[in-house]
Amino acid sequence: MSKLSKPSALNDAKVKTVLNRLHAEANKQFPGLILHYLPKLPGLFLGKGIKWDRTKTEYYNDKYIPIEPDQGEFLYLIARAINAKTIVEFGTSFGISTIYLATAVKDNGGGIVLGTEIVHEKVVQARKNIAEAGLETYVNIQEGDALKTLKTFNQTVDLVLIDGWTHLALDVLKILDPLIRPGGIVVSDNVKTFKEPLKDYTVRLTKLSIEASTS
């Protein structure tokens, strides 16, 4: 029996209960987010993203803005396919994507998902959610500025998820790039929605991919 055909931790009752609750809570916020973003929708559709005041981000402190269930399952499958044991996540929020990644690490035989989150309230709740799902053994959430907390991390990385503030994506990639193993994968959310803000990031990531494939 192959590893991918064995029972998945993603189907564990505790994991499913927590994920269902979190996705439901996120869905309740969706109408309010649409109203908030309404004046900015043209820019989003054109890939210009959102222009925000980086000193005034309190609105997002209790917002989920998570990956969807199918995206979470996709992350799980990628992590399983490459036998990821060490995963770094930029932008943990309430821990939805973290749970999908942690189930993969568990099914891969153990390891760690290093999460990063700057909002204290989200860190507290994410840790509770992950513990409720029974996955705390596989997760370490670092609270604070990721550009600082990630500099102390020195393990070889199998998979990176970039799903935090777009203006920090390139700097985060620069920190993690030396740690990513050959054959490692970087998954980036919102690339089309934030096409212009992430332009330098995607150029750098493309260059690194080409260099890796020819080395």
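Taking CD of Gln142 as the start and CZ of Phe90 as the end, the distance is 14.0 Å to the nearest 0.5 Å. Expressed to the nearest 0.5 Å, how far CD1 of Ile162 lies from CG of Leu198 amounts to 9.5 Å. Separating the CD atom in Gln125 from the CG atom in Leu22 is a distance of 8.0 Å, to the nearest 0.5 Å. Note that CG of Asp145 is 5.0 Å distant from CD1 of Ile118, once rounded to the nearest 0.5 Å. Between the CG atom in Asp163 and the OG1 atom in Thr116 there is a gap of 10.0 Å [rounded to 0.5 Å]. For the atom pair Asn129 CG and Lys122 NZ, the distance stands at 12.0 Å (nearest 0.5 Å).
Residues Thr156 and Thr86 form no side-chain contact, since every pair of their non-hydrogen atoms from C-beta on lies 4.5 Å or further apart. Inter-residue side-chain proximity for Leu10 and Leu19 is flagged as met; some heavy-atom pair is nearer than 4.5 Å. No side-chain heavy atom of Asp12 sits less than 4.5 Å from a side-chain heavy atom of Thr103. Counting only heavy atoms from C-beta outward, the side chains of Ile180 and Val160 approach each other to under 4.5 Å.
With Val113 as the partner, the side-chain contact (heavy atoms from CB on, under 4.5 Å) test is satisfied by one option alone out of Leu159, Asn140, Val105: Val105. The side-chain contact (heavy atoms from CB on, under 4.5 Å) test with Arg127 singles out one residue from Ile130, Val123, Val124, and that residue is Val123.
Formation of a donor-acceptor pair under 3.5 Å by the Asn108 side chain with backbone atoms of Lys85 is not found in this model. Within the 3.5 Å criterion, the main-chain N or O of Asp62 finds a donor-acceptor partner in the side chain of Gln29.
Every residue two or more places apart in sequence or in another chain that forms a side chain to side chain donor-acceptor pair (under 3.5 Å) with Ser97 is listed here: Glu89. Take Tyr100 and apply the side chain to side chain donor-acceptor pair (under 3.5 Å) test, not counting sequence neighbours, and it matches His23.
Across Ile82 and Arg181, no two heavy atoms sit closer than the pair O-NH2, 3.0 Å.
Linking ILVMFWY residues whenever their side-chain heavy atoms come closer than 4.5 Å, directly or via other members, leaves Val186 and Val203 in distinct clusters.
By the 4.0 Å N-to-carboxylate-O rule, Glu132 lies too far from Lys128 to be salt-bridged with it.
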